[in-house]
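See structure below.
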Amino acid sequence: MSDYIEIPPDQLAPELLDAVIEAFINREGTDYGLLEYSLDQKVKQIKSQLESGRVVIAYDTATESCTVLVKE
């Protein structure tokens, strides 16, 4: 089982935050239902979820990588 360290989004440079979110979107193939959304729209949706606390940026110490996780 991996250990995760939560990274506050405001601790990342804006370009790095966008890169982490974009990598998550591209890797996960996120499904937004019947409507098609641009990458910019998807990034804005993830940022909104980060602000609301629904999701977090997590650093996986085993793989030394970051991802976006649903906060449970």
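Nothing fancy with the numbering, it's 1 onward along the sequence. Because the structure is a prediction, the values reported are computed rather than measured. Computed over heavy atoms, backbone and side chain alike; hydrogens, waters and symmetry mates excluded.
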Open item on the list: Once rounded to the nearest 0.5 Å, what's the spacing between atom CD1 of Ile25 and atom CZ of Arg27?
Closed with: 10.5 Å
Task: Inter-residue atom distance Ile21.CD1 - Thr67.OG1, 0.5 Å rounding - done: 11.0 Å
Task: CG on Leu39 to NZ on Lys44, rounded to 0.5 Å - done: 11.0 Å
Open item on the list: What I'd like to find out is whether the side chain of Tyr59 reaches to under 4.5 Å of the side chain of Glu64, using heavy atoms alone.
Closed with: yes
- [ ] Apply side chain to side chain contact (heavy atoms under 4.5 Å, CB included) to the pair Asp18 and Lys47, showing each step before the final yes or no.
- [x] CA-CA 9 Å; Asp18 286 347; Lys47 284 183 177 179; 2.7 Å; yes
Open item on the list: Name the residue from Leu16, Val68, Leu17 that meets the side chain to side chain contact (heavy atoms under 4.5 Å, CB included) definition with Pro9.
Closed with: Leu17
- [ ] Could you tell me which non-hydrogen atom of Ile5 sits nearest to which non-hydrogen atom of Thr61, and how far apart they are?
- [x] CD1-CG2, 3.7 Å
Open item on the list: Between Gln41 (side chain only) and Ser38 (backbone N and O only), is there a donor and an acceptor less than 3.5 Å apart?
Closed with: yes
TODO: Go through the steps for Ile57 and Leu50 under the test side chain to side chain contact (heavy atoms under 4.5 Å, CB included), then give the verdict.
DONE: CA-CA 8 Å; Ile57 296 176; Leu50 283 165; 3.8 Å; yes
Task: Nearest non-hydrogen partners of Tyr37 and Lys42, listed with the distance - done: O-CE, 3.4 Å
